[in-house]
Amino acid sequence: TRARMKDTYERVDADLQALFPRLFGGGRAWLAMTGEDLLDAGVTIMAQPPGKKIGSLSLMSGGEKALTAVALVFAIFRLNPAPFCMLDEVDAPLDEANVGRFGRLLREMSERVQFIFITHNKATMEVAEHLAGVTMHEPGVSRLVDVDVAEAVRLAAV
Amino acid sequence: TRARMKDTYERVDADLQALFPRLFGGGRAWLAMTGEDLLDAGVTIMAQPPGKKIGSLSLMSGGEKALTAVALVFAIFRLNPAPFCMLDEVDAPLDEANVGRFGRLLREMSERVQFIFITHNKATMEVAEHLAGVTMHEPGVSRLVDVDVAEAVRLAAV
Amino acid sequence: MRLSRIRLAGFKSFVDPVTVHLRSNLVGILGPNGCGKSNVIDAVRWVMGESAASRLRGEAMSDVIFSGSATRKPVGQASVELVFDNAEGRLGGAWASYAEISVRRLVNRDGTSQYFLNGTRCRRRDVTELFLGTGLGPRSYAIVEQGMISRVIDARPEELRAFLEEAA
Amino acid sequence: MRLSRIRLAGFKSFVDPVTVHLRSNLVGILGPNGCGKSNVIDAVRWVMGESAASRLRGEAMSDVIFSGSATRKPVGQASVELVFDNAEGRLGGAWASYAEISVRRLVNRDGTSQYFLNGTRCRRRDVTELFLGTGLGPRSYAIVEQGMISRVIDARPEELRAFLEEAA
Ligand SMILES: Nc1ncnc2c1ncn2[C@@H]1O[C@H](COP(=O)(O)OP(=O)(O)OP(=O)(O)O)[C@@H](O)[C@H]1O
Ligand SMILES: Nc1ncnc2c1ncn2[C@@H]1O[C@H](COP(=O)(O)OP(=O)(O)OP(=O)(O)O)[C@@H](O)[C@H]1O
Ligand SMILES: [Mg+2]
Ligand SMILES: [Mg+2]
């Protein structure tokens, strides 16, 4: 229905506006409608990383795109917190400063959402409360080992 | 011509067979033709990471695919060493062990080819003989600074 | 409703039964390249009803069954079970009174899948209905596959709209 | 034939003239997200004749010209120059006797590009012919764009064949 879509759009837009500057350390982002009618118009993201002009998303860098996408996914989670969220190496394109901000937001969001995340990044591993290590000591066969962070860093280097 | 294609195919195949186990620390890979006639048959890659069965490339992991692709690109370079090679964060999906093997091969190949590579990975930065840092001290405006490795690690964290 | 454990047997590289315990709201999964981390995510999407082999990086649905290694023979069956902690009764309807809810999918080489809810055989539709409205599903915004994070940014305006509608 | 420097002016985020010196065979480029690293690679592909805006992450060819920042106005022109060290005379033909070879491209907002070889105006075709047989070109295997490394693995057999032919 029109009212439901309007509510969804406005709440995700508001949360995107709040989360983007926290992930980027500044700047702003918001949603825009491509048409008049709420029921069939398309939705686009407008983003302005700190110090830059508002430009087309396609000119953004690999890391900027990934971080903007995380802001949007987290904004949707604030609207409708699914029981869990699984993230597969979303921090791979990020530099250390952005990985830090991403980790802090992850920790905060985890009060309402369960996060299960795959990462090769030591800074993100340190955000985890529990770590599950997957190994193939027997080649081709996956098994699980419990690891602590120090061990985890070693395991990633095996 | 047919003879030229045959020579190209055989030499790239031989180099792929040599480079794949060096990047993966074992296993093997080779090229296969999908048809009889050299002039119009397609080419596929067969790959078997260490300890695994030969399987479809699509089931390989993100890191395994990236590393196999690097083996192929480097095999092509051995055939026809273009004056330079530019790599944009090809090491992003790799774990520490594979980053190490990648860096060692990069250093060896650099005797014949000039490599210009973008990376966020400290281990790959250390392979470089020269480092160029790009910054945006003035927001939105790119400039260059010369950096050394220790400084580089700090710069990546800004 | 929290996910408390994932149990895989015969699914992709997890030939021997493995239970992934999710003991908190911040669980990291790590390990070297090719060890099976993304296979765990594929397992979760598969048990929630994913029906396209290409979305599980395979060519046929039987590619989810362990196909052998250098030292092991292929097996004939794959099974994945998700166990949810529903102590707060968040999942409504018939399931509100259950403290734990288990969703399981089983497939053998002839391709027929069987679904189970709390141990009782059910249809795929029952599983998709269970998750309706929770935001979960095989292609939900709640699961971001490897390399796909920027997909939301590259989406066309009407795709982004559909993405939002799913979450509503 | 080694690349000895890249000179950008007005190209994407490099509004002020910048020279990237490539002092050896192992040059690392680093910096935070969004600072302009991949723009350097786009610059190299552009000067070698790249003619599709979408391959430069833009919507129009004028997207390569600096379009302003929070504190700077847009400029009207973009220019990139590659300077090769040809001391070994590897580039044959008319260029064999030159110790340094410079390739330059210039574009202004009306969209017309100008190409220069060692300072002399030439056609785009002269530039593509210069690189013929060296393995270089705007879409050559020698330049792997961000996130594209696995593309060779996902290619269909006839695409992989074309890839090999280019290198022959
Ligand atoms: N049906 C199957 N039987 C046996 N092994 C399989 C099967 N399907 C996939 N695999 C194996 O699983 C491995 C891929 O695992 P996965 O993608 O989970 O790795 P990963 O831990 O995510 O690695 P990365 O860090 O590189 O992303 C491949 O090497 C593949 O051979
Ligand atoms: N014509 C232009 N004028 C001004 N700025 C531009 C122009 N084109 C692109 N940019 C800016 O360049 C930035 C992207 O740079 P680039 O892709 O090189 O980053 P990067 O250093 O590769 O980052 P990452 O590590 O995230 O991949 C964007 O923020 C974009 O705003
Ligand atoms: Mg993976
Ligand atoms: Mg980049």
Side-chain angles (χ1 to χ4, degrees), chain A residues 4-5 8-9 12 34 41-45 57 60 62 65-66 68-70 72-73 76 79-90 106-107 110-111 113-120 124-125 127-136 138-144 147 152 155-156 158, chain C residues 1-3 8 12-16 18-32 34-41 44 66 68-72 84 90 134-136 140-154 156-161 163-165 167-168:
Chain A
R4 191 191 176 93
M5 187 58 196
T8 301
Y9 175 82
V12 173
T34 56
V43 174
T44 60
I45 304 168
L57 288 184
M60 283 170 88
K65 270 189 182 175
T68 305
V70 167
L72 182 71
V73 170
I76 292 175
L79 168 79
N80 179 1
F84 63 80
C85 174
M86 296 186 100
L87 302 171
D88 195 344
E89 302 196 25
V90 298
L106 202 61
R107 189 178 274 130
S110 71
E111 282 161 29
V113 176
Q114 179 183 34
F115 284 101
I116 300 153
F117 51 92
I118 296 173
T119 181
H120 287 300
T124 310
M125 286 177 199
V127 168
E129 284 168 14
H130 285 92
L131 285 170
V134 183
T135 69
M136 276 191 170
E138 182 186 343
V141 173
S142 296
R143 280 190 216 296
L144 224 69
V147 290
L155 190 92
V158 158
Chain C
M1 186 169 90
R2 241 171 33 75
L3 186 60
L8 308 94
K12 289 200 168 189
S13 53
F14 292 88
V15 56
D16 295 337
V18 161
T19 301
V20 184
H21 291 284
L22 305 165
R23 302 179 205 285
S24 72
N25 275 8
L26 281 168
V27 177
I29 299 180
L30 44 109
C35 69
K37 302 182 297 292
S38 298
N39 289 345
V40 173
I41 290 197
V44 170
F66 179 74
S69 70
T71 55
R72 291 273 194 121
F84 291 90
R90 215 187 116 161
T134 64
L136 289 179
S140 135
Y141 60 88
I143 301 177
V144 182
E145 294 156 69
Q146 192 168 1
M148 304 297 268
I149 181 66
S150 297
R151 196 175 40 157
V152 283
I153 302 291
D154 298 331
R156 288 194 315 281
E158 53 283 4
E159 289 169 354
L160 200 56
R161 177 201 174 75
F163 205 63
L164 283 185
E165 277 167 351

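Chain A is the first sequence line, chain B the second, and so forth, proteins listed ahead of strands; every chain is numbered from 1.
- Between A:L72 and C:L160 the shortest side-chain heavy-atom distance falls below 4.5 Å.
- Checked against salt bridge (Lys or Arg N to Asp or Glu O under 4.0 Å), C:K12 has the following partners two or more places apart in sequence or in another chain: C:D42.
- With a 4.5 Å cut-off on side-chain heavy atoms, A:F84 and C:V44 count as touching.
- In this structure, the side chains of C:D154 and A:K65 come closer than 4.5 Å at one or more pairs of heavy atoms.
- Interatomic distance, CE of A:M125 versus CG of C:L30, reported as 4.5 Å (0.5 Å rounding).
- Both the backbone and the side chain of A:I116 come within less than 4.5 Å of a heavy atom of chain C.
- Among the candidates C:G36, C:S24, C:G135, the residue making the largest number of heavy-atom pairs closer than 4.5 Å to chain A is C:S24.
- Using a 4.5 Å cut-off between heavy atoms, A:T68 touches chain C through backbone and side chain atoms alike.
- Within the 4.5 angstrom heavy-atom criterion, atoms from both the backbone and the side chain of A:V127 approach chain C.
- Taking the side-chain contact (heavy atoms from CB on, under 4.5 Å) definition, one finds that C:R72 meets it with A:E138, A:V141, A:R143, C:V15, C:D16, C:F66, C:S69, sequence neighbours left out.
- A donor-acceptor pair under 3.5 Å is absent between the side-chain atoms of A:D88 and the main chain of C:S38, judged by distance alone.
- A donor-acceptor pair under 3.5 Å links the side-chain atoms of A:S142 to the main chain of C:C35, judged by distance alone.
- Considering only heavy atoms from C-beta on, A:H130 stays 4.5 Å or farther from C:H21 through its side chain.
- Taking the side chain as every heavy atom from C-beta outward, C:N25 and A:V113 never approach each other to under 4.5 Å.
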